[in-house]
Amino acid sequence: MGLEIEKGRPYKGHVVLVPYPRQGHINPMLQFSKRLASKGLRATLAITKFVSSTSINRHPSASIHLDTISDGRDEGRQAESIKSYLSQLESSGSETLSNLILKYKETDHPVDCIVYDSFLPWALNVARKFGLLGAVFFSQSCTVDYIYCLVHHGILKLPIPTLLVSIPGLPSLELRDMPSFIYVAGSDPEYFEMMLHQFLNVDKADWVLINTFYKLEAEVVDTMSKVYPLMTVGPTIPSIYLDKRVENDSNYGLDLFDLDSSNITSWLETHSPRSVVFVSFGSMATLSTEQTEELAWGLHDSGHPFLWVVRASENSKISEKFKLAITAERALLVQWSHQLEVLSSDRIGCFFSHCGWNSTIEALSMGIPMVAMPQWTDQPTDAKLVEDVWVVGVRVRVGEDGIVKREEIEHCVREVMESERGKVMAVNATKWKDLAVEAVSEEGTSDNNINDFVSKILLKRKSI
Ligand code: UDP
């Protein structure tokens with residue numbers, strides 16, 4: 001027995017989605033929840049109690065349900081290490097996710113399937129304990145996932161002895177294009193282990209979902225699908241920017257940072273179309289004070305107006321000298337923004353980004369060329385794709401001392417904003433935008449995969 005109708009559509013089953021509790025992992029899973037709900041599934045996003053109690057603007061959508069699990073740190077106490085955090089997340093998460101499944105068991109909408117972030121392989125054990133379906137959700141690019149997959153299976157051996165890495169299915173990669181955990185061997189062993197653990201039980205999952213779209217990474221999707229059959233379901237960004245078929249889906253709606261009160265929209269409107277550089281390093285990356293200073297002056301010297309997201313924790317790195325040198329007309333510094341709203345503004349000519357996967361796929365979906373300044377984890381690989389494979393941006397060159405100098409920053413901004421090469425990038429970006437829309441529109445590759453996923457869940461419900 002189930003609900004006959006879920007939000008005006010025939011009820012097809014109940015899916016609980018469990019994101020890794022970080023902004024860059026919550027956003028895609030949240031959007032995927034909305035997509036599933038728009039197709040008649042009941043979708044419950046299980047966020048941690050800490051995220052639930054601290055997030056701002058907690059109204060993602062009337063179409064999905066929010067519930068909580070625990071990572072054992074409901075009051076936000078810092079863990080000593082990522083390893084100890086993950087171990088507590090696993091034990092408390094398994095227990096509280098089990099309780100959540102039990103809670104729904106006696107209702108008219110028991111859970112049919114758990115969709116879990118690939119960083120949380122233990123969630124599949126919970127699904128199996130209750131005889132539920134389990135779908136792993138990869139929220140990084142397929143290229144990056146495949147690299148980790150090869151390392152996990154011992155096919156790509158570390159340390160890599162050559163500067164150029166040639167792997168069937170992937171573009172040829174220099175060592176610096178590899179995820180940071182690989183090219184700076186031993187740099188973050190606990191994070192690296194977490195990346196490899198994504199593959200512990202992937203072969204046991206009922207589906208392997210991935211937040212990319214087929215045409216964006218066709219070759220590697222086909223190659224990796226020979227190991228695990230992949231279902232591309234992206235881009236998972238609000239429907240209003242893509243196919244516009246999901247009702248009232250205009251922003252993510254679950255921010256872990258305070259939105260800035262500055263009026264970004266009216267500031268943008270004082271500038272002409274395609275004239276503003278939008279600068280954002282996502283939710284986690286931190287720059288050294290020296291690097292922040294170089295970035296600040298590089299942006300300043302480029303001569304283009306810029307909107308720069310400087311999170312509260314980074315603010316003290318901005319020098320007084322720089323603050324005095326910029327005018328309100330030329331520069332707006334904010335602590336957090338509705339990034340998609342900004343990227344969709346016709347005033348933006350370039351996205352200066354750390355190349356987190358969400359930011360990258362958001363820029364592609366909005367047709368905005370980029371300056372890529374990767375910091376760590378998957379970002380160098382995304383930057384490589386941006387510059388050389390999709391040809392929608394330039395990547396900064398890092399000096400021998402590890403700092404990207406102001407002249408380089410100025411040069412890269414000018415390259416995207418002023419050069420003939422920049423014009424080609426803008427044309428390419430528009431092409432990727434059209435293909436992103438196509439993927440999630442009716443009969444698109446991602447749409448077909450999502451329909452297939454939904455109908456298999458319905459089939460399973462009917463069979464019991
Ligand atoms: N973001 C935002 N406002 C900002 C900066 C970032 O809403 O001012 C969002 C952005 O749209 C993206 C996410 O935060 O969805 C960051 O994810 P990404 O994978 O790009 O980077 P991470 O934060 O994981 O390093």
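Just so you know, ligand 1 is whichever comes first in the structure, and atom 1 is the first atom listed for that ligand. All values below come from the heavy atoms of this structure, side chains included, with hydrogens, waters and symmetry mates left out.
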Do side-chain atoms of [X] reach the backbone of [Y] as a donor and acceptor pair under 3.5 angstrom?
{"X": "Gln375", "Y": "His354", "answer": "no"}
{"X": "Asn211", "Y": "Thr236", "answer": "yes"}
{"X": "Glu294", "Y": "Arg406", "answer": "yes"}
{"X": "Glu314", "Y": "Thr286", "answer": "no"}
{"X": "Asp74", "Y": "Lys49", "answer": "no"}
{"X": "Lys39", "Y": "Val454", "answer": "no"}

side-chain contact (heavy atoms from CB on, under 4.5 Å) partner of Pro171, the single match among Asp388, Val165, Leu385: Leu385
Suppose we measure from [atom] to each protein heavy atom; which comes out shortest, and what is that distance?
{"atom": "atom 7 (O) of ligand 1", "answer": "Ser337 O, 3.4 Å"}
{"atom": "atom 20 (O) of ligand 1", "answer": "Ser359 OG, 2.5 Å"}
{"atom": "atom 11 (O) of ligand 1", "answer": "Glu362 OE1, 2.8 Å"}
{"atom": "atom 24 (O) of ligand 1", "answer": "Gly24 CA, 3.7 Å"}

In terms of atom number and element, which parts of ligand 1 are under 4.0 angstrom from non-hydrogen atoms of [X]?
{"X": "Gly282", "result": "23 (O)"}
{"X": "Gln23", "result": "14 (O)"}
{"X": "Gly356", "result": "18 (P), 19 (O), 20 (O), 21 (O)"}
{"X": "Val309", "result": "8 (O)"}

Between ligand 1 and [X], can you find any atom pair, the residue atom being a heavy atom, that is separated by under 4.0 Å?
{"X": "His338", "answer": "no"}
{"X": "Ser280", "answer": "yes"}
{"X": "Asn27", "answer": "yes"}
{"X": "Phe257", "answer": "no"}
{"X": "His354", "answer": "yes"}

Looking at every heavy atom in both Leu259 and Ser337, which two are closest together, and how far apart are they? CD2-C, 3.6 Å
So is there a nitrogen or oxygen of Asp255 less than 3.5 Å from a nitrogen or oxygen in ligand 1? no
Is it the side chain, the backbone, both or neither of Trp357 that has a heavy atom closer than 4.0 Å to ligand 1? backbone
Would you please indicate if the ring centroids of Phe138 and Phe199 are separated by under 6.0 Å? yes
